[in-house]
Structures are given as C-alpha cells and as structure tokens.
Amino acid sequence: MKTCDVDFAIVFPPTRYTLDNDLLTTEQRQFYEENGFLVIKNLVSHKDIDEFREVFEKVCKKELTAPGMVVMRDVAIAKSEYVPDQKAITKVQDFQELPGLFRYCSLPQILKYVECFIGPNIMSMHTMLINKPPDAGKKTSRHPMHQDLHYFPFRPADRIVCAWTAMERIDRSNGCLVVLPGTHKGELKQHDYPEWEGGVNKMYHGVRDYDPNIPRVHLTMEKGDTVFFHPILIHGSGMNKTAGFRKAISCHYASSDCDYIDVKGTTQENIEKEVIELALKRYGLESEIALKDAWMAKGRVVQGERNNL
Ligand SMILES: CC(C)CC(=O)SCCNC(=O)CCNC(=O)[C@H](O)C(C)(C)COP(=O)(O)OP(=O)(O)OC[C@H]1O[C@@H](n2cnc3c(N)ncnc32)[C@H](O)[C@@H]1OP(=O)(O)O
Ligand SMILES: Nc1ncnc2c1ncn2[C@@H]1O[C@H](COP(=O)(O)OP(=O)(O)OP(=O)(O)O)[C@@H](O)[C@H]1O
Ligand SMILES: O=C(O)CCC(=O)C(=O)O
Ligand SMILES: [Fe+2]
Ligand SMILES: [Mg+2]
C-alpha cells in the first residue's frame, strides 16, 4: 500500500501557500508551493511601464507629490546637495495617494494572480518604486538578504504576497533580485543592519544568519515581467554595476482578513522601534496604536471588502 500513498502525494500535493483557482497551471501552483515565488513573463505592458516612469520622473523633479509619500536618497549621497533629478533618488515609497503610480497596484492582470495567493479581499499595504542607482563604489546599492515579513505587523504570512515588476531588463549587471528558493517554508528570522564598510541604507536590515548552502537564484527579468513572492522568502538584490538607474515597481498585498499583531517581544521589535522614531520625528506620532493606525491609513482596498486590516 506504500506506492498508493506515494501516488496520492504526487496527484494531490499539499497546498498551503496557494488557494484553489482557475488561473495557475498545476506546474505554476506547485512551483510557488515549493519555491515561494513565481515569475510571470510580460504581465505589465510597456505602455503602462513607460507611464509609471514618466510619473516617477515628475516626482524626482518635485513636479508631483502626494500625502504620505516617502522619497529616499541613497545613503552614499544622503548628505550631499539635492538635485531635482532621478539621479538623486533611490526609492519612492507609499505612493497610495499618487494615482499615476498607484494604478500599478490595481492592474487587473496582477490582481488575478494575487487572488490565487491571498484570496478575494485584497488590500495594497506597501508600495515602492525602486530606482537602484549606479553603485557609488561603496556597494551601498545592494539590498541585503531579508524577509519582507520583518516589516509587517500583520498575519497570517501566507495571506501576504509581493508583486514586483521589472521596468526594464534586470540582470546581474544592474542588480537583479536574488532569492533563496524554499525559504518561505521557514520562520521569520532575526534581522539587523549588515556590517558593511561602505554604509547601509536606512532600514535595510538583513537576515543575521541564513544557511549559506542554500543555492542563490538570480532572477533575470525583462521589462514587464512580474515576480510574485511570499513574505518569508529570503531575498535581496545585487550591486548595480552599470551607469543606468535600475527600476522596478512593487506592491505588497495582504488579505483584508489578516489581523494586526503586537510585535513586542518578537524579532520585529527593532524595526518597530526605528519606524516609531521616524514617525515621531516626521509626524509626531508616538504610540504603537499609532503605528497600527499608520498601516490602517496607508492600506487601500483594491478588490473585495475591507475586513480586519
Ligand atoms: C518590505 C519593505 C518594507 C522592505 C524595505 O523597503 S526595507 C527599507 C525600508 N526603508 C525605509 O522605509 C526608509 C524610508 N526612507 C525614509 O524614511 C527617509 O528617506 C529617510 C531615510 C528617513 C530620510 O528622510 P529625509 O526626509 O530624506 O530626510 P533628510 O534628507 O533630512 O535626512 C535625514 C537623515 O537621514 C539620513 N539619510 C537620508 N537618506 C538616508 C539613507 N538612504 N540611508 C541612511 N540615512 C539616510 C540623512 O543623512 C540625515 O541624517 P542626519 O543629518 O540626521 O544625521
Ligand atoms: N559577502 C556577502 N555577505 C552577505 N551578503 C552578500 C554578500 N555578497 C552578496 N551578498 C548579498 O547577495 C545579494 C547579491 O549581491 P551582489 O551585489 O554580490 O550580487 P551578486 O548577485 O552576488 O552578483 P555579483 O557578485 O556577481 O555582482 C545581495 O542581497 C547582497 O547583499
Ligand atoms: O532591489 C529591489 O528592487 C528589491 C528590494 C526589496 O526586496 C525590498 O525593498 O524589500
Ligand atoms: Fe524585499
Ligand atoms: Mg556577489
């Protein structure tokens, strides 16, 4: 009867990280279950991406702004004079009030995939356009290996997913995503600032220790290709060795049926502390209640109903 069990396992492998749907092929579904990520080629049109790029350029020139949006410079040039150009900017975060960029988060072809991972009640929780600069020679353009869940005070993790779209060809030369397949099955690990001689960008925490024997996979992607990945998947991105600014746009989605958690006494305490300090400086927000309120305020329903988040 042993063979019978084995056959059963092959036909009906356990599905924990995906939900029943009629979009993913069996192979795609199994791939995400086993690896914690899935690349869909050519999902976002070049026309849409070119529009996002134009909006981003206006943000850099300060012709466009929006409430809550964070514009970050690379740590290597953080203390130099601001030039109103994309060359000064490493990342734009929290663009939920800027329709020209936020449109990315509501693209129906993306939401169709997102639903396969987190279900029909979909909220955008965290938005970014990453403009990885040519490395200034200090390797600060790298993003250390990390798990995105470290930043998120809501659960369950399996009902959170990131969509990350290449806005141009991205490979090892300009700093592609590097993933450790299968690590989404593990736990959230302790994160700290990596000990890099050249400095590290604000809040770019890295996993303190991970198994160096897990093979790294470099995701080479073309313009419009989109990767969906689980928030416990260990990933990072490499140094940009080109003269161009490597662009990607992303959104973290969560099911509105997720719940906020208290991160006191967990490995997430250190990031909470940094976020609170920053909120205090910027907005005068103080308590943890206010931290949860900040997530509630920036989350947006993009499909279905708003329940807990
Ligand atoms: C899943 C997802 C969440 C994963 C991630 O995204 S991990 C990274 C998340 N990172 C963040 O959320 C950081 C977002 N960035 C910001 O909040 C801001 O850009 C800040 C870093 C606070 C800078 O704010 P800004 O308004 O530009 O203020 P200032 O130019 O006056 O600078 C204030 C002090 O911050 C320093 N600074 C600016 N940019 C960086 C940088 N990239 N890395 C490290 N330090 C930086 C700047 O030198 C200045 O320092 P002091 O003069 O106070 O010593
Ligand atoms: N020595 C290291 N220690 C810790 N993390 C590293 C180290 N080298 C690279 N990484 C991490 O691996 C990812 C890729 O970085 P890196 O810039 O080295 O690119 P790469 O993919 O190794 O390509 P190459 O080294 O060929 O340029 C990043 O998340 C980076 O932080
Ligand atoms: O370099 C990138 O675009 C990926 C960055 C990333 O993983 C993150 O901001 O969480
Ligand atoms: Fe990340
Ligand atoms: Mg390397």
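Order of appearance sets the numbers: ligands from 1, and atoms from 1 within every ligand. Source: prediction; values computed, not measured.
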Q.
I'd like to check atom 6 (O) of ligand 1 in this structure: does the protein have a heavy atom lying under 4.0 Å from it?
A. yes

Q. Hey, is Met128 one of the residues with a heavy atom under 4.0 angstrom from ligand 1?
A. yes

(Q) So, of the N/O/S atoms that Asp148 has, which is the nearest one to the Fe ion (ligand 4)? (A) OD1

(Q) Taking 4.0 angstrom as the limit and counting only heavy atoms of Tyr204, give me the atoms of ligand 1 inside it, by number and element. (A) 8 (C)

Q: Indicate the ring-plane relationship of Phe152 and Trp295, choosing parallel, tilted or perpendicular according to the 30° and 60° boundaries.
A: perpendicular

Q | Nearest-neighbour protein heavy atom for atom 23 (C) of ligand 1, which is reported as residue plus atom name and distance | A | Arg282 NH2, 4.6 Å

Q. To which protein heavy atom is atom 3 (C) of ligand 1 closest, and what is the distance rounded to 0.1 Å?
A. His126 NE2, 3.3 Å

**Q.** Working for side-chain contact (heavy atoms from CB on, under 4.5 Å), residues Tyr104 and Val55
**A.** CA-CA 12 Å; Tyr104 167 77; Val55 174; over 6 Å; no

Q. In terms of residue, atom name and distance, what is the protein heavy atom nearest to atom 13 (C) of ligand 1?
A. Met72 SD, 3.7 Å

Q. Does His235 bring an N, O or S atom to under 2.8 Å of the Fe ion (ligand 4)?
A. yes

Q. Would you say His146 reaches the Fe ion (ligand 4) with an N/O/S atom under 2.8 Å?
A. yes

Q.
My question is simple, although I want it checked carefully: is atom 15 (N) of ligand 1 less than 4.0 angstrom from any protein heavy atom?
A. yes

Q. Can you list every salt bridge (charged side-chain N to carboxylate O under 4.0 Å, His left out) pair that touches residues 237-251, not counting sequence neighbours?
A. none

(Q) I need the atoms of ligand 1 closer than 4.0 Å to a non-hydrogen atom of Leu278, numbered in the order shown. (A) 17 (O), 22 (C)

Q.
I'd like to know if Val275 contacts ligand 1, where contact means a heavy-atom distance under 4.0 Å to any ligand atom.
A. no

Q. Does the protein put any heavy atom within less than 4.0 Å of atom 21 (C) of ligand 1?
A. yes

Q: State plainly whether one hydrophobic cluster holds both Leu177 and Met167, where clusters connect Ile, Leu, Val, Met, Phe, Trp and Tyr through side-chain heavy atoms under 4.5 angstrom apart.
A: yes

Q) Is it true that Asp259 and Arg159 make a salt bridge, defined as a side-chain N closer than 4.0 Å to a carboxylate O? A) no

Q.
To check your reading of the model: name the closest protein heavy atom to atom 4 (C) of ligand 1, its residue, and the distance in Å.
A. Tyr151 CE1, 3.7 Å

**Q.** Options Val75, Leu149, Asp94, Asp148, ranked by nearest heavy atom to atom 1 (C) of ligand 1, top entry
**A.** Asp148

Q.
Checking salt bridge (charged side-chain N to carboxylate O under 4.0 Å, His left out) between Asp94 and each of Arg300, Arg282, Lys298, which is the one that passes?
A. Lys298

Q.
Using a 4.0 Å cutoff against the non-hydrogen atoms of Val71, which atoms of ligand 1 qualify?
A. 19 (O)

Q) Is Lys185 salt-bridged to Glu34, going by a charged N under 4.0 Å from an acidic O? A) no

Q: State whether any protein heavy atom lies less than 4.0 Å from atom 35 (O) of ligand 1.
A: no

Q: Show which atoms of ligand 1 fall inside a sub-4.0 Å distance from at least one heavy-atom site of Lys79.
A: 47 (C), 48 (O), 49 (C), 50 (O), 51 (P), 52 (O), 54 (O)

Q | ligand 1 N/O within reach of Lys91 N/O, cut-off under 3.5 Å | A | yes

Q. Any idea which part of His205 is under 4.0 Å from ligand 1, heavy-atom wise: side chain, backbone, both or neither?
A. neither

Q | More than 12 heavy atoms of other groups within 6.0 Å of Glu187 CD | A | no

Q: Identify, by atom number and element, the atoms of ligand 1 in contact range of Asn201, meaning under 4.0 Å from any of its heavy atoms.
A: 41 (C), 42 (N), 43 (N)

**Q.** Over 12 foreign heavy atoms within 6.0 Å of CD, Glu63
**A.** yes

**Q.** atom 53 (O) of ligand 1: any protein heavy atom closer than 4.0 Å
**A.** no

Q: Output yes when the distance from some N or O of ligand 1 to some N or O of Lys202 is under 3.5 Å, and no in every other case.
A: yes

Q: List for me each residue that meets ring-ring contact (aromatic ring centres under 6.0 Å, His included) alongside His146, sequence neighbours excluded, and say none if there are none.
A: His143, His235

**Q.** Protein heavy-atom partner closest to atom 46 (C) of ligand 1 - residue, atom, separation in Å
**A.** Ala78 CB, 4.0 Å

Q | Which of the ligand 1 atoms, numbered from 1, are nearer than 4.0 Å to a heavy atom of Arg73 | A | 39 (N), 41 (C), 42 (N)

Q) Can we say Glu277 and Lys273 salt-bridge, meaning some charged N sits less than 4.0 Å from an Asp/Glu carboxylate O? A) yes

Q) Are there more than 12 heavy atoms of other residues, nucleotides or ligands under 6.0 Å from atom NZ of Lys139? A) no

Q: Specify whether His150 and His205 have parallel, tilted or perpendicular ring planes, treating 30° as the upper limit for parallel and 60° as the lower limit for perpendicular.
A: tilted

**Q.** Ligand-side contact atoms (ligand 1) for residue partner Gln93, heavy atom cut-off under 4.0 Å
**A.** 6 (O), 9 (C), 10 (N), 11 (C), 12 (O)

Q. Under the 4.0 Å line, does any protein heavy atom show up next to atom 29 (P) of ligand 1?
A. no

Q: Evaluate the ring pair (Phe, Tyr, Trp, His ring centres under 6.0 Å) criterion for residues Phe31 and Phe37: first the C-alpha distance (whole Å), next the side-chain angles of each, then the deciding distance (0.1 Å), finally the verdict.
A: CA-CA 7 Å; Phe31 189 91; Phe37 70 96; 5.2 Å; yes

Q) So does Lys223 pair up with Asp50, basic N to acidic O under 4.0 Å? A) yes

Q: Rounded to the nearest 0.5 Å, what's the gap from CD1 on Ile130 to OG on Ser141? Could you check?
A: 13.0 Å

Q.
Under 4.0 Å and counting heavy atoms only, is there anything from the protein next to atom 10 (N) of ligand 1?
A. yes

